[in-house]
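Have a look at the structure below, then the notes.
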Amino acid sequence: MRTAIFKSYEEGYYKFWFENGEELMFEDVHPRVLKQFNLKEDENLVDQEFKITFVEDEDGDDVFYRVESLKLIAV
C-alpha cells in the first residue's frame, strides 16, 4: 500500500497525488471501492489522504491503472 491524496474525478479519470510527488490518473476503480467511497460525486473526499493499492495492466503500448483498494487515513 502507498499513501496518496485524492485530487479529482474528471472526464472518466481519478487523479491521485502520491507522497513522492508522483501523479497518477486511474481509469478504473474496483466496484467494491466505489461502494465505499463515492469518488465521482463526494467533494468531501477531495484532498483526503488514503492508503491505496492499485494494479498496472498493459495492452500493447498502452498502460492502464486500476484502484484495487482504498483506506481513508483518519486525521
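Fair warning: this is a prediction, and the values are worked out from it, not measured in the lab. Numbering of residues begins at 1 and proceeds along the displayed sequence.
Close placement of the Phe37 and Phe50 rings is indicated, their centers lying within 6.0 Å of each other. Taking the six-membered ring for Trp and the full ring otherwise, the centers of Tyr14 and Phe54 sit at least 6.0 Å from each other. Between Phe26 and Phe16, the distance from one ring center to the other falls under 6.0 angstrom.
More than 12 heavy atoms of other residues, nucleotides or ligands shown are found within 6.0 angstrom of CZ on Phe18. More than 12 heavy atoms of other residues, nucleotides or ligands shown are found within 6.0 angstrom of CD on Glu56.
Note: the hydrophobic cluster containing Ile52 does not contain Trp17 (ILVMFWY, side chain heavy atoms under 4.5 Å, direct or indirect links). Put simply, Val67 and Val46 are part of the same group of oily side chains (I, L, V, M, F, W, Y) that touch within less than 4.5 Å, one to the next. Hydrophobic clustering of Ile, Leu, Val, Met, Phe, Trp and Tyr side chains at less than 4.5 Å, counting indirect connections, unites Tyr65 with Leu39. In the hydrophobic clustering of ILVMFWY residues, with side-chain heavy atoms under 4.5 Å counting as a link, Ile5 and Val29 come out apart.
In this structure, OG1 on Thr3 lies 4.5 Å from CD1 on Ile73, to the nearest 0.5 angstrom. Here the straight-line distance linking atom NE2 of His30 with atom NZ of Lys35 works out to 10.0 Å at 0.5 Å rounding. A distance of 13.0 Å separates CE of Met25 from NZ of Lys7, quoted to the nearest 0.5 Å. With rounding to the nearest 0.5 Å, the separation of CG in Asp47 from OG in Ser8 is 9.5 Å. The OG1 atom of Thr53 lies 12.5 Å from the CZ atom of Arg66; values are rounded to the nearest 0.5 Å. One distance of note links CZ of Phe6 with CG of Leu72; it measures 12.0 Å at 0.5 Å rounding.
When side chains are defined from C-beta on, Asp57 does not count as touching Val63, because their heavy atoms never get closer than 4.5 Å.
In this structure, Ser69 and Val33 approach most closely via the heavy-atom pair CA-CG2, 3.7 Å.
A distance-only check finds a donor-acceptor pair linking the side chain of Arg32 to the backbone of Glu68 [under 3.5 Å].
Between Glu22 and Arg2 there is a salt bridge, with a side-chain nitrogen of the basic residue lying less than 4.0 Å from a carboxylate oxygen of the acidic one.
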